[in-house]
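As the structure is a computational prediction, the values presented were derived from the model and not from experiment. Quick note: residue numbers are just sequence positions, from 1.
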Amino acid sequence: MKTFLNSKISLAMAVMLIGLGWACEKKKSAESAAPTNTKTASTANANGLVKIDGSSTVFPLTEAVAEEFQKENRDIRVTVGFSGTGGGMKKLIANEIDLSGASRPIKESEIAQAKANGIDYKEIKIAYDGIAIMVNKDNSFVNELTTSQLKAIWEPNSKIQTWADLNPAWPKEPIKLYGPGPDSGTFDYFTETITGEEKAVRSDFTASEDDNVLVHGIAGDKYALGYFGFAYYQENADSLKLVPIRSDEKAPAIIPSHESIADGTYKPLSRPIFIYLNQKSWGKPEVKRFVNYYLDHAGELATEVGYVGLETSLYETQRKELQP
């Protein structure tokens, strides 16, 4: 009898251990399948959740704010994703997130959809950013470009295929182009500003909402040209060459910097960036605490991650406008 009971206990323990092992493997599989374009600042005892998505350009600033916020608010978990400005707006309008980062103002079509869905929102300006134009670090011939040259390169049905097509003194090597994808606010702003029509662009370029993909593409191809937010350039300055831009033939070539972006001399490729607040979320104490923290610290953190902060009074005015 004793032997029989021991056998039953051993069998039960074996089944339990197999079950635990299967559960652990299932958990590991689920974790490995999670999206890689979302980061979470979290604690074991968190009981509040703030969900953020949107622009990859705005992502570094929002991530920095979230990390600092988390140090002082251990009871709140913050998730920060980057599906592009358009992707974030879709989630905001569908009431899936609390905040959306945007590198352009909300579009009329998005306003109409938000209204149809019963979603109210608040636009909050958080910093200034410039769009950096970059070539490979080993490119020795491109030392500046004009906006008309950028237009010739990027416009639909462009006839510019090689560097020599742009300047006969340059190599007869194909220009490999890299830029944000169509869900990116940077893409919208760049195409409208450079080609003259939003989303009007040649199709033969490598597009991605993940700026790290663009960094690696430009850094890995000697004859590459690309663009994305200035903050991402600063993070990768050692592997890329920044190109000064002339707004016209007679204007001086201006390189993006904190100063030239803030004073508007880096034109036409500097712009404000935003977060959009889902007003349905404003009633959540954790969201209200996070947004107020964002406005209190965006200016100082913007400088640390490569943006230009707003005037202090503008942050204060926007914070007051949010209060009931």
Side-chain angles (χ1 to χ4, degrees), residues 56-57 103 129-182 184 186-257 260-261 265-271 306:
S56 62
T57 298
S103 54
D129 180 43
I131 297 178
I133 308 299
M134 290 145 297
V135 293
N136 184 273
K137 197 76 172 178
D138 294 330
N139 185 317
S140 59
F141 54 90
V142 176
N143 295 312
E144 63 178 54
L145 289 169
T146 65
T147 51
S148 60
Q149 286 176 315
L150 288 175
K151 182 179 189 301
I153 294 169
W154 286 97
E155 65 188 349
N157 304 311
S158 171
K159 299 187 184 304
I160 304 297
Q161 299 297 322
T162 71
W163 285 106
D165 293 334
L166 199 63
N167 184 330
W170 290 348
K172 293 182 179 180
E173 297 288 346
I175 303 176
K176 300 294 182 64
L177 296 173
Y178 296 85
S184 167
T186 301
F187 172 84
D188 291 340
Y189 184 85
F190 181 85
T191 51
E192 183 175 7
T193 301
I194 296 301
T195 69
E197 182 182 348
E198 189 176 291
K199 298 189 184 301
V201 69
R202 64 193 294 168
S203 59
D204 57 337
F205 72 99
T206 299
S208 177
E209 266 74 36
D210 185 347
D211 291 336
N212 292 307
V213 172
L214 308 180
V215 169
H216 291 307
I218 300 168
D221 193 319
K222 184 176 179 179
Y223 298 104
L225 171 75
Y227 71 92
F228 47 75
F230 177 64
Y232 266 99
Y233 161 74
Q234 287 200 306
E235 286 186 14
N236 300 277
D238 291 342
S239 57
L240 301 169
K241 178 181 174 181
L242 193 60
V243 180
I245 301 299
R246 293 180 183 271
S247 57
D248 59 57
E249 297 292 343
K250 296 180 180 180
I254 303 294
I255 199 164
S257 67
S260 64
I261 292 169
T265 54
Y266 182 63
K267 57 183 182 181
L269 294 176
S270 56
R271 71 293 173 57

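- For Tyr266 (side chain) and Ile131 (main-chain N/O), a donor-acceptor pair under 3.5 Å exists by modelled atom type.
- Gly181 and Ala207 make their closest contact through CA-CB, 3.9 Å (heavy atoms, listed as atom of the first residue, atom of the second, distance).
- Checking each of Ile133, Asp211, Leu240 against Tyr233 for a side-chain contact (heavy atoms from CB on, under 4.5 Å) leaves exactly one that passes, namely Leu240.
- Judged by distance alone, with hydrogens and angles left aside, the side-chain atoms of Ser260 form a donor-acceptor pair with the main-chain N or O of Ile255 at under 3.5 Å.
- Under the 4.0 Å criterion applied to side-chain N and carboxylate O atoms, Asp204 and Arg202 are assigned as salt-bridge partners.
- Closest of all the heavy-atom pairs between Lys137 and Ser239 is CB-O, 3.9 Å.
- Taking both residues in full, the closest heavy atoms of Gly217 and Ala224 are given as O-CB, 4.3 Å, listed atom of the first, atom of the second, then distance.
- Remark: side-chain polar atoms of Ser56 are paired, donor with acceptor, to backbone N or O of Glu209 under 3.5 angstrom.
- At least one donor-acceptor pair closer than 3.5 Å links the side chain of Thr191 to the backbone N or O of Phe187.
- Dense packing is recorded around CG of Asp248, with more than 12 heavy atoms of other residues, nucleotides or ligands lying under 6.0 Å away.
- Atom CG of Asp188 sits about 3.5 Å away from atom NZ of Lys199, to the nearest 0.5 Å.
- When all heavy atoms of Pro156 and Val201 are compared, the pair lying nearest together is CG-N, 3.5 Å.
- Side-chain contact of Arg271 with Thr186: a donor-acceptor pair under 3.5 Å is present, judged by distance alone.
- For the pair Thr206 (side chain) and Tyr178 (backbone), a donor-acceptor distance under 3.5 Å is absent.
- Rounded to the nearest 0.5 angstrom, Ile218 CD1 and Tyr227 OH are separated by 10.5 Å.
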Evaluate the criterion side chain to side chain contact (heavy atoms under 4.5 Å, CB included) for residue pair Met134 and Leu242; output intermediate values, then yes/no.
CA-CA 5 Å; Met134 290 145 297; Leu242 193 60; 4.2 Å; yes
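- With rounding to the nearest 0.5 Å, the separation of CD1 in Ile254 from CD1 in Ile245 is 10.5 Å.
- Checked by atom type and distance alone, the side chain of Trp170 never pairs as donor or acceptor with a backbone atom of Val142 at under 3.5 Å.
- The distance from the CG atom of Leu225 to the CG atom of Leu166 is 9.0 Å, given to the nearest 0.5 Å.
- Atom CG of Asp138 and atom NZ of Lys241 lie 9.5 Å apart (nearest 0.5 Å).
- The two atoms that bring Ile153 and Ser158 nearest to each other are O-OG, 3.2 Å, heavy atoms only.
- Here the closest non-hydrogen pair linking Asp129 and Ala231 is OD1-N, 3.9 Å.
- Not a single donor-acceptor pair under 3.5 Å links the side chain of Thr195 to the backbone N or O of Glu155.
- Counting heavy atoms from C-beta on, the side chains of Phe230 and Leu269 never come closer than 4.5 Å.
- One distance of note links OH of Tyr223 with CZ of Phe141; it measures 6.5 Å at 0.5 Å rounding.
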